[in-house]
Protein chains: 2
Amino acid sequence: MIAKKANYHQQIIKHLYFAGSLSCAELSILIKKSVPLTAKVLNELMESDFVLETGLAESTGGRRAQKYELNAGQVYIIAVAMDQLITRVAILDMHHNFVGDVKKIELKLANNPNALTEIISNIQGFIKASGISKEKFAGIGISMPGFIDVKKGINYSFLKTLHGESINACIENALKIPVLIDNDSSIIALTELKMGRARGKKNAMVINVGWGVGLGMILNAELYRGQNGFAGEFSHIPMFNNNKLCSCGKTGCLETETSLQVLIEKAKEGLKGGRLSGLAKDFPTGHYETDYEMIIDAALKGDQFAVELFSDAGYNIGRGIAILIHLLNPEIVILSGLGAFAGKMWEAPIQQALNKHCIPRLAENTVIEVSKLGYNAALYGAAALVMENKTIDYHPHSEKHKQKKILLIK
Amino acid sequence: MIAKKANYHQQIIKHLYFAGSLSCAELSILIKKSVPLTAKVLNELMESDFVLETGLAESTGGRRAQKYELNAGQVYIIAVAMDQLITRVAILDMHHNFVGDVKKIELKLANNPNALTEIISNIQGFIKASGISKEKFAGIGISMPGFIDVKKGINYSFLKTLHGESINACIENALKIPVLIDNDSSIIALTELKMGRARGKKNAMVINVGWGVGLGMILNAELYRGQNGFAGEFSHIPMFNNNKLCSCGKTGCLETETSLQVLIEKAKEGLKGGRLSGLAKDFPTGHYETDYEMIIDAALKGDQFAVELFSDAGYNIGRGIAILIHLLNPEIVILSGLGAFAGKMWEAPIQQALNKHCIPRLAENTVIEVSKLGYNAALYGAAALVMENKTIDYHPHSEKHKQKKILLIK
DNA sequence: ATTACTTTTTAAAATATTTAAATAAGTTTA
DNA sequence: TAAACTTATTTAAATATTTTAAAAAGTAAT
C-alpha cells in the first residue's frame, strides 16, 4: 500500500524539487492524478515534514491557490563534479542551496590509481565536517569526464576499480549512501533540461565545449544515453581529412579541430608563425585555463587573430551542429561548458556554418543559444541526477516517525 | 467510464495486432494491469467480436494458457505506399493478410498537381471494389517520400494541397476515413520495429537505401520524429568536399556519393571512361530499376567494376553509420529499402568504414544487418502506422451492438 | 455591498483496480 | 498412479482512485 502510493510521493517530491513551488492543482496535472488524491499525498508529505505550505499563489481570477514547497533541510544531496584536474564536492539542500562551502580538491584523473580512494576519503571527511547525519543524504551524484557505461557503473577512461566492480558499488560500500555517476556532458544537459534553457523542451542538444567537445541529448524530454550509455560522442565523429591524430586513436575527429585545447594550440602555432596579435606578449602561460581566458579577452577586445581562432573553431562546431540538426531536428541547440564563457564569439561563425551546411527549413526550426548556467552547472546537475533516479525513503508511518511524534507530544 | 477503460481495450488490440497471439497473463504484463482486469477487458472484447479465443498455448510446466487473437475480419486497414513513380494500395486485415490484390498505380509525384486527387479517387474506387463497408476501416495509412511535417500533415516536397491544408484533412474530407501519413523511411523503421529485426529493441537505426538515402530512428523503443517531424535527414548531412550539387541545393551531402541513383550514374561514367565490365553490353537501359538489378547481378557474379561500385557506396554509407553510432550508440543498424536487395554486397565495405572511423568500443556494441523484409515492408508499415495511432471505435454497449445481439437471438 | 463569476479545496459517493484465496488444469517425480 | 509441484483462471473482498457536488475563498462589475 505504501509501496504503491510511494510512487506519487516520489513524483511530487521530484516536481517540487525542480519547480520550486507548486499548487495542488498544478501538481495534480503534473502527476496526472485527481486533485483529491494529490491533496491526500501532499498532506501525508506534510505530516512527515518533507513538504511545507508556503502561502498563497498570485490571483488568477478566483480563489487563490495554496503553494507548496519542499522542506529545504529535510533531505540533502552530495554533489561531486570532476574534471581532469580538479574535483569539487558540495552539499545541496532541497532548494538548490549550497550548504557550507564547495570543497576543491586537486585530483588528477589520468593515470592515478589512487583517485577513487582519494575521492572516497574526501567525501567522507566532507560529510563529517558538515555535521549532517548520513541518513539525511538522499544520495551522491558524481559528474565525471570519460567513457562511461552508466548501467554498469564503469568509466573506461578513468577511475579504474581494483577488480572491475562498478564505481557506484565501490563508493556505496565505503560510504553507505547511494551513488549515481554520469558523464559530464550528460549531466550538463540534464541541468539545462531541468533548470536551464531546455526547460520544458522535448528535444534539445547541449554541446559541452571544453577541453574536448561533449554532447548531451534530450530526446522526448529525457536524457538519451543509448544502448550502453555511450551516446553523444560528438567529439569523435569523423569529420575531417586532416590526418591529425586524435586521443581516441583515429584521425579526423571533430575534436581535432575544435576543442578549447586545439584553440590554444592553434594560438601558439599562429604566434610562432609570426601572426600579429595582442596576445603575443605573455602567451602562452602554461596553464590552459589562463591561456583560454587570455584568448577570450583578446577576442572581446577585437584582436583579429583571437577572433579568427573562435571563428574557425565555431565554424567547425557549426558543421557538427548541422549534422545534429539533420539527424535529430531539435528544438534548440545549447552551447554550454567552459566554452560558453566566450558567449557571443560563437554565434556568427556557427550561424555561417548552418547557412552553408543546413537545409534552410531545418535550420529555421532550430534555435542556437549560449548557456546562461555558469561554473556550478555540473554540481547542480549531479544533484539533479540523484533526484531524477533515487527513491527517497518515504515512511509516513514508520516506527521512527511514530517515535518522533510521541516525543513531540511529551 | 467506457472512455476511461477503452484505453486498455486499445492497448490489448494493439498488442494482439503486433504479436499475433497472446495469453491473458502475457497481456496483463504488457499492459501493466492485473490479470483479473485484463481478463475482464478481454471478455468485453470477445463479446464485441474484436477478439477470439484460439486454443491453448504450449505447456510451460503448469496449466496451459488460453491464447487470444484478433478477429481478422472485424477491422480492416487501407495501406498506401508511394514512391516517386508508383503508388500501391492494399487492404490488410488484423492478421497482416492482404485482402484482395495490391493495386499498382503509375503516379508521378514530382510536379503533378493532380496527384492528390488521383490518389483519392483511386482509393475510393478500391474501397468500392472491395465490397467492404466504410465503417470497417480503422484508417488509411500512407507512406510517402519527401519532407513531411507529420503533425501538420504537410509534405513540403510533393502532394501540395490547394490552400495549404493538411493532406490528412484533405483525404479525410473526401473519404470519411481517418488518415495518417509519414515519411517512407520512418515507416520502414516502424515496420522493422514492429515485425522485423528491430523487434523488442530499444534503439535502432534503419537506413533506407533507395534513390535517396533515408533514415528512420527508433529511440527508447519509439519512432523518433524530432521537433517538426523532420528528423532522420541522413541524406543531407554534410560529409564531402566534392562540390557536387545535391537536390537540396547544398553540396557535399551524403546523398551525392551514395544513393542508388549515384550508383547508376557512376556505372555510366565508368563505362564511358572505358572501364571493362560485363555490364558494358546492354547498360544503361534507361530504367533505373532495371539498371540497378543489372548492377546487382553483375556484382553477384563477381564483376570487378560492379563490386567496386558497391564498395565505394558502401564505404561512404559506412562513414555515415559511424556518425550515427558515435552520436546515438544504437543496438542495431539495419540496412533496408531497395538497397537491401544487394544484401551481402554492403557488409564488407561498411565494416571497413567502421573499422576506420569508429571507436572500437562503440562499434563492438552495435550490430549491422541487412533487412529481411521485402518490397511489402512499406505497406505493412503503413498499416502499422494506423494501428499505432488510431483509436479504434470500441463500443461494447452501443446501440449497434445491442441491435446485433437482438437480431442474433431472433 | 451585493451579485455574478472564477478557481480551489473538501467531503461523500461511485467506480476502478488490485490482492489474496480458491479453483482448475496441467507436468513431474517417486 | 498418486502426490507434489507449476502455472493459469476465476471469484470475492479489500483497497485505490476518480467523480460529483457542495463549500470556501477570492475577483470583478454594478
Rounded to the nearest 0.5 Å, what's the gap from CG on B/N220 to NZ on B/K202? Could you check? 6.0 Å

Relative to the ring of B/Y380, is the ring of B/H96 parallel (under 30°), tilted (30 to 60°) or perpendicular (over 60°)? perpendicular

For the residue pair B/K136 and B/Y76, would you count it as a cation-pi contact if the rule is NZ or CZ under 6.0 angstrom from the ring centre and within 45 degrees of the ring axis? no

Can you check the A/K33 NZ to C/dT17 C1' distance for me, whole Å? 11 Å

Provide, to the nearest angstrom, the distance between the NZ atom belonging to A/K32 and the C1' atom belonging to D/dT19. 20 Å

Salt-bridge present (A/K201, A/E192; N to O < 4.0 Å): no

If you restrict it to nitrogen or oxygen atoms, what contacts under 3.5 Å exist between nucleotides 23-27 of chain D and the protein, and what is each distance?
unit_1, atom_1, unit_2, atom_2, d
D/dA24, N3, A/R63, NH1, 3.2
D/dA25, O4', A/R63, NE, 3.4

Mind calculating the distance between CD (B/E58) and C1' (D/dT7) to the nearest angstrom? 15 Å

Testing C/dT18, D/dT18, D/dT10 for proximity to the side chain of B/L37, the answer is C/dT18

How close or far is atom P of D/dA8 from atom NZ of B/K67, stated in whole angstroms? 10 Å

If only side-chain N and O atoms of A/Y8 are considered, is one of them under 4.0 Å from the OP1 or OP2 phosphate oxygen of D/dA16? no

Please find the pair of heavy atoms, one from A/Q66 and one from A/G55, that lie closest to each other, and give the distance. OE1-O, 2.8 Å

Expressed as a whole number of angstroms, how long is the span from B/E26:CD to D/dT7:P? 14 Å

Send over the distance from B/N43 CG to D/dT11 C1', rounded to a whole Å. 13 Å

Would you name the heavy atoms of A/K67 and A/L56 that are closest together and state the gap between them? CG-C, 4.3 Å

Without decimals, in angstroms, what is the distance between A/N7 CG and C/dT18 P? 13 Å

So do the side chains of B/V150 and B/I181 get within less than 4.5 Å of each other, counting heavy atoms only? no

At 4.0 Å (heavy atoms only), tell me whether B/A65 reaches a base, stays on the sugar-phosphate, or touches nothing. sugar-phosphate

A/I31 CD1 - D/dT17 C1' separation (whole Å): 11 Å

